[in-house]
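Have a look at the structure below before the remarks.
Note that the structure is predicted; figures quoted are calculated from it, not measured. For the numbers below, each heavy atom of this structure counts, side chains included, while hydrogens, waters and symmetry mates do not. Both counts, for ligands and for their atoms, begin at 1 and track the order of listing.
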Amino acid sequence: MDTIYLDNAATTWPKPPEVINAMTEFLREYAANPGRGSHQMSVKAGRVVFECRNNLSKLFGIKNPNDIAFALNTTSALNQAIRGFVKPGQHVISTGIEHNSVRRPLEYLRKLIGIEITYLKTDPQGNIKLDDLEKAIQSNTSLVVCNHSSNLMGTILPVAEIGEICRKHKVCFLVDAAQSAGHLEINVEHMGIDMLAFPGHKGLFGPQGTGGLYISPDLELEPLLLGGTGSQSELVEQPTVRPDRYESGTLNAVGIAGLNEGVKFILKETVKKIHEKEWALTQQLMKEIAQVKGLKMLGPELGENKTGIVAFQIENADSSEIAFILDQSFGIAVRAGYHCTPLAHQTAGTFDNGAVRASVSYFTTEHEIEQMIAAVKEISKHYSR
Ligand code: ALA
């Protein structure tokens, strides 16, 4: 049985063949240390890292590629951003649909250095009111941090409008692009984004262990990691030069070689086309499973804009059990439970039992969605009373 892979919000699969080829070529022909030696292999490894930074800059409207620091994933990028920026006594605003990768660093700082946090009220579909944001800003507010799209519901937050409010009040704006990079248009200049944390292994089609953080040239963060940067080795202190300041230790250059091809693939296909296809697939799935008795769908209604995520609960059924049956009996991979976002589950009213989440990618086919629909209909029969 071929796997029908609907867990793309966690990690996209399959990857474009170019990604795999570039990684194989890197390992076979020039897997030396980038930015460390002056020999030809090292220079070639450094070049692919440089090229990837350039392509990411094109994708996100970033002027200087050196303002991007590579990271292991969105979580490490968010930790660098939050823990490197927020100071004792400051106030941070976030929302009721954040991932633990935002919530936990914030709560850690609350305990450690006494920061204040406001989570904006969020409706059950995951929407915030911009008015509430304006009202929540205090004289000591230094940062607004939110996701661009919810990893539970696919809800899209109005980041350009939030960015405008942040600019007006001179508050720094950090966006968690875990579910939007490669899926939705992002332009840090036009959207007023000061820091952008993004994964490589999701919408950008890179391998796991890749991602990054854009840091506006106007900001100076406390680096989370200190150590070898391959530059200014004579200094006792961490260099200030970018991106080295935020990239201690050998980079995952083989992963970045793959990510580079993933980003090139997106630039070629266009984010618009990718989003349109993913949205159409969610609509196909939502339209059909909405008719299943006892099924509760989370997030935006049919016809509304969203990313490629469809989460649901079936009455009388445990979400993990549904995911297990989908996998074992139908060969369909989804993710169930709390998706590292208890906040969003509280907002959606599914904190009791979690939810089943199906997430599509550009490579998902209509036929695969038809099979998912048939499976959900079949499984639900066993739970209807
Ligand atoms: N944060 C990822 C997800 O939503 C892993 O599944």
Exercise. Does His201 approach ligand 1 within less than 4.0 angstrom via side chain, backbone, both or neither, non-hydrogen atoms only?
Worked result: neither
Exercise. Taking side chain as C-beta onward, heavy atoms only, is Ile322 less than 4.5 Å from Ser319?
Worked result: no
Going by the order shown, which atoms of ligand 1 are within less than 4.0 Å of some heavy atom of [X]?
X      : answer
Asn151 : 3 (C), 4 (O)
Arg357 : 3 (C), 4 (O), 6 (O)
Arg335 : 2 (C), 3 (C), 4 (O), 5 (C), 6 (O)
Lys202 : 1 (N), 2 (C), 3 (C), 5 (C)

Have [X] and [Y] got a donor and an acceptor in their side chains that come within less than 3.5 Å?
X      : Y      : answer
His183 : His148 : no
Glu98  : Thr95  : yes
Asn187 : Glu189 : no

For this session: Examine His99 against ligand 1 and note whether any of their N/O atoms are separated by less than 3.5 Å.
Result: yes
Exercise. Do Glu222 and Arg83 meet the salt-bridge criterion of a basic N to acidic O distance under 4.0 Å?
Worked result: no
